[in-house]
Every structure is written in C-alpha cells, then in structure tokens.
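A short write-up of the structure that comes next.
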Number of protein chains: 2
Amino acid sequence: MTSQDTALSGGKSARVRQYLVGLIEGGMEPHARMPTERDLAEQFGTTRLTVRRVLDQLGHEGRVYRTQGAGTFVSEPRIAKSVDLTSFSDDMRARGLKPGSLGTKIESISAGADFGARLQISPRDAVIHIARVRIADGVPMCLEHCYMPASLVPGLEVRELQGSLYETLWRDFGVRADKAEQSIRATVLDGDNARALSVPEFSPAFQVERIAYDARGRRIEYAVSIYRGDRYSYDMVIYRNAGN
Amino acid sequence: MTSQDTALSGGKSARVRQYLVGLIEGGMEPHARMPTERDLAEQFGTTRLTVRRVLDQLGHEGRVYRTQGAGTFVSEPRIAKSVDLTSFSDDMRARGLKPGSLGTKIESISAGADFGARLQISPRDAVIHIARVRIADGVPMCLEHCYMPASLVPGLEVRELQGSLYETLWRDFGVRADKAEQSIRATVLDGDNARALSVPEFSPAFQVERIAYDARGRRIEYAVSIYRGDRYSYDMVIYRNAGN
DNA sequence: CAGTGGTCTAGACCACGAG
DNA sequence: TCGTGGTCTAGACCACTGT
C-alpha cells in the first residue's frame, strides 16, 4: 500500500533491506557509517531511488539516521520499532523474550451495533471473540480481546492460536494485516485486570485499541489490549512535517 | 533529512502538499477519491515520483489511504497525527483549542551527568531549564520540563515563550527541530502533579520523554512531559513491515 | 574541494480493482 | 479491458559536510 510493502514483495528493495538489516544487526557499531546510496545501488544492480526508499524506511524505524552531506549511520539500539504493525509474539521475540498465552478463549457472538460499526459489518453478522492473557517468559504482560468477522476465519480453533494471530490468519486463512489504526490511552488497572496481570490494583497501564486492515482496505480485526505500564513503553522516532 | 522535509523546503512537493491538504481540509468528504497521481503530476508540471512522495507521506499521517488499482481516498478525520513532531501549541490548535502556559519558569543550571549525557554536552556546560503548565482553553493539560544547551538560546527570556517553543527557537535563534526520539510511558499522578493538573491523585497519565535533533543531528532539547490521561490519547496509523 | 544525501525528471513495466 | 497505484531505471542538479 505504501513503500513499506516493498520489503514484503520479492522486489529488489527486499534484498537491499535484508542486506542492510543484516549489517545493522550483524555487528555494526552504533554511529558507524553505512555504505553510501550510490555504492549500494551499484552493488545490487539497482538505482539510488530503490536504495533510498529502503534507507528512508530504516530511518523511520529508528534503525539508522541520515545526515545530508555526511552519510547514513547506525542508530543506537535502544529505540524500539513501535510504529510497526507487529504481533505480540513478534514484539516479544524482538525483545528476546519467549511469547505465550494463558487461558485462551474463543466464542462466537453477533456483532451488534458496537462491533458492527467497528468492523463495518452488519450488526447481525457473527463475530469471533478471542480473549487471552499474553505472557513473555512466563510473565503476564497484556490482556487481549480480539474481534474478527467470523466469515474471515471459518472454523478457527483454539489450538491454532499458539503463536501469532497474524501468522495464523495468513497461514490458515490467507488473510494478511497490512495496516492498522491504533489509539493508545493511559489507564489504571481495576481489581480483575490487576489480578489477571499479577500486579497491584491501580497500577498504571496502557489501553490500546486497534483496527487492522488488509491491503484491500477491508477491516479484519478490532482489538482492545491492556498492557502493563511497568513493563511497556512506546518508543518512536518522529519527524517534523510541513506547517500545513 | 528524510522525505518529510520535502514540504518544508520550497520544492515542488511543498506546493503539491499544500494543494492536497487544502483539498482534504477544504471540504472533501471522507472516502472521496483524490485526484490520481498522473493527473496531479501533470497539473503541477512534475512527475509521479514527486506526487507519490507527498501522497505516501499523507498516508503515513493518516489523512488519506491508498489502494492499488482503486485510488487514493480521504481518511475519516478521527485519526490524529500524533506521529508528527509537533509543539504543544500546534497540537492544541489542530484540535481547535487555544493553547497557553501557566507559571513559566526559566533557570540556568549546569548539565551534570544526567542532562549532559542526554544532550551530549559536557556535564559542566550550562543548561536552560524551562518548566511550564500547558493549558488548552484555560484547562491544564500537561506539565512540561524542557532542557536545552544554554549555548543554543543565549538570553532566552520568559516573555519569548508565550507560544510554541519550537517557533521561538526558529524565529529568535535559528534552531529548528527536525526529528525526535520519543518514549511514552503509562503512569499515575502523585499529589503535586495531580494538583498542578487539577485532577485527583492517582489519575492515569502519560509520561513522555523526548530528545529533539536538528537537521545536522545535534541534540537541541531534552523534554519530559506529563499529560493528563483523561484528555489525551495517541492515535496513529501503523504499517506492517518486512519480517526481518 | 570531493563526496554525501535531498530533490527531481521522463519515462517503463507490473499488480491489482472495477466495470 | 482500462485505469489505478507499486516498483523501477538512468540519469540530472542542488545542498550540505568534512577536509
């Protein structure tokens, strides 16, 4: 849909990206200079434009920073990549933790006005509701409620949900989440939620609401998650845009 | 530094962007189709690449969405542009509120180990500390502590800080914030902070830490802000990236 | 000054959506 | 089938950094 997809497809950008990510993760020191755009273009038999799209994207993800006239440099690793659409599983693995779930429940309900509006389906359509406690290295991190049009995931079973929901959607149902709108709010945990996350009542937490879309713009998921505030932060790189 | 700057400079992208933002804000209905890339390129005497950079950027900002084969469409307005580097003042004005400050204090301190490291200056260098309660339509929204190398803002006075700090930096000191690394945490308000924001103790809040850079990569600001959780949310559009 | 990233041109072909 | 956005080519010139 935008240049992000570059690396998903089999284009040249993908190879350039893999190479550069390999460099970054494979031992380049922070603030070390990356190869120049022109060198990379020649090395991969492509043009600067292609290389630039990849480097700009890596810049957005906070993995490199670029300075006109000087070069492109490896960022310090502390900046996370929270402005990607990632599954909880991938997120935890990227942090070196082992993701898992507790007490996964699946039910089918009718959408009603609320979920109907959010998923843009009829209020009478069936919706699959998945509730899970997500854990990392055995520690509860997040309470997750996910709602999907039942027509998208016929016959979804609990046992398919060991790992990443998005992986399951893609592997078993050919549905791919490409984009999402996400809203993050600050909240405190009430008794039930606090117990489920093994933290004291009134602990700070994030409430994250998300609507995910596939490449055709169809809404495929509405999710509400509660993340422990003591274990989570959102780290991002932001740029100044035009004054509009 | 990246394509964002396009619209800051006087290039053709700027004109295209202004035109498109004008269309979006000037009455196009949500989900209405925007002009095609080829039409825009012809209209502005430029190429598709230039138009595409602008449209991709607007997509990232959540103002339009794009579907291959179908076109580019205006987003529903509810998605905010929180992944921009904006000042509190601009942010509030974009929401239709009148920004202001209460109890602004400026002091000069020596950086010490902490601010020295964060601003990458010597611990003995002077640092300007600005503390303010930011208000919108007279209502306290946010507590802001901002630290800048004193050498960047010689002679900065309280009276210059009526509006946006970033505007003051640019207008009076030629310093422009182009990029920032930002970390958002969930927290609860203790007594003093709760009183300053006129909310009950233990209310949920965001703690936002930010290091701002200019185009040359120099650190120009370290800021810690506490935002009321009941008045604030972070809304963003996120895309799925390569698997890496 | 040489070399880097930033912007832009003028095309091309492909993948996909809708009629 | 036609028009859309997605990817890519092979150049060009400019702005800026660092020596």
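Throughout, a chain's letter reflects where its sequence line sits, starting with A, and its residues are numbered from 1. In what follows, every heavy atom counts, from backbone to side chain, and hydrogens, waters and symmetry copies are set aside. Values in this document were obtained by computation on a predicted structure and should not be read as measured data.
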Can you tell which of D:dG6, D:dT7, C:dT7 lies closest to the side chain of B:Glu37?
D:dG6

Taking OP1 and OP2 of D:dG6, is either one under 4.0 Å from a side-chain nitrogen or oxygen of B:Arg66?
yes

Mind calculating the distance between CG (A:Asp56) and C1' (D:dT7) to the nearest angstrom?
15 Å

What's the CZ-P distance between B:Arg53 and D:dG5, to the nearest Å?
17 Å

If a protein heavy atom is under 4.0 Å from the base, mark B; if only from the sugar-phosphate, S; if neither, -; do that for nucleotides 9-19 of chain C going 5' to 3'.
BB-BB-BBS--

Atom CZ of A:Arg218 and atom OH of A:Tyr213: how far apart are they, to the nearest 0.5 Å?
13.5 Å

What pairs of donor and acceptor atoms, side-chain ones from residues 26-33 of chain B against any protein atom, are under 3.5 angstrom apart with sequence neighbours left out?
{"residue": "B:His31", "atom": "ND1", "partner": "B:Tyr65", "partner atom": "OH", "Å": "2.6"}
{"residue": "B:His31", "atom": "NE2", "partner": "B:Glu76", "partner atom": "OE2", "Å": "2.8"}
{"residue": "B:Arg33", "atom": "NH1", "partner": "B:Ala70", "partner atom": "O", "Å": "3.3"}

Find the distance B:Leu55:CG to D:dT7:C1' and express it as a whole number of Å.
16 Å

Sequence neighbours left out, cut at 3.5 Å: what donor-acceptor pairs do the side chains of residues 164-174 of chain A make with other protein atoms?
{"residue": "A:Ser164", "atom": "OG", "partner": "A:Ser87", "partner atom": "OG", "Å": "3.3"}
{"residue": "A:Ser164", "atom": "OG", "partner": "A:Tyr166", "partner atom": "N", "Å": "3.2"}
{"residue": "A:Ser164", "atom": "OG", "partner": "A:Glu167", "partner atom": "N", "Å": "3.1"}
{"residue": "A:Tyr166", "atom": "OH", "partner": "A:Arg210", "partner atom": "NH1", "Å": "3.3"}
{"residue": "A:Tyr166", "atom": "OH", "partner": "A:Glu221", "partner atom": "OE1", "Å": "2.6"}
{"residue": "A:Glu167", "atom": "OE2", "partner": "A:Arg93", "partner atom": "NH2", "Å": "3.4"}
{"residue": "A:Thr168", "atom": "OG1", "partner": "A:Glu160", "partner atom": "O", "Å": "3.0"}
{"residue": "A:Thr168", "atom": "OG1", "partner": "A:Ser164", "partner atom": "O", "Å": "3.1"}

Electrostatic pair B:Arg216:B:Asp178 at N-O distance under 4.0 angstrom
no

Between C:dG6 atom P and B:Lys179 atom NZ, what is the distance in whole Å?
11 Å

Please report the distance, rounded to the nearest Å, between CZ in B:Arg176 and C1' in D:dC16.
16 Å

Rounding to an integer number of Å, can you tell me how far A:Arg33 CZ sits from D:dT19 P?
10 Å

Would you say B:Arg52 places a side-chain N or O within less than 4.0 Å of OP1 or OP2 belonging to D:dG6?
yes

Can you tell me if the side-chain N/O atoms of B:Thr72 get under 4.0 Å from OP1 or OP2 in D:dT4?
no

Quickly work out the A:Leu40 CG to C:dG3 P distance and round it to whole Å.
17 Å

To the nearest angstrom, how far is B:Tyr65 atom OH from D:dT4 atom C1'?
14 Å

Cut-off 3.5 Å, no hydrogens considered: what does the side-chain donor-acceptor table look like for residues 38-45 of chain B, sequence neighbours left out?
{"residue": "B:Asp39", "atom": "OD2", "partner": "B:Thr36", "partner atom": "OG1", "Å": "3.4"}

Quick one: side-chain hydrogen bond (donor to acceptor under 3.5 Å, both in side chains) partners of B:His145, sequence neighbours excluded?
B:His129

Checking A:Arg118 now: which residues fulfil salt bridge (charged side-chain N to carboxylate O under 4.0 Å, His left out) with it, not counting sequence neighbours?
A:Asp114, A:Glu209

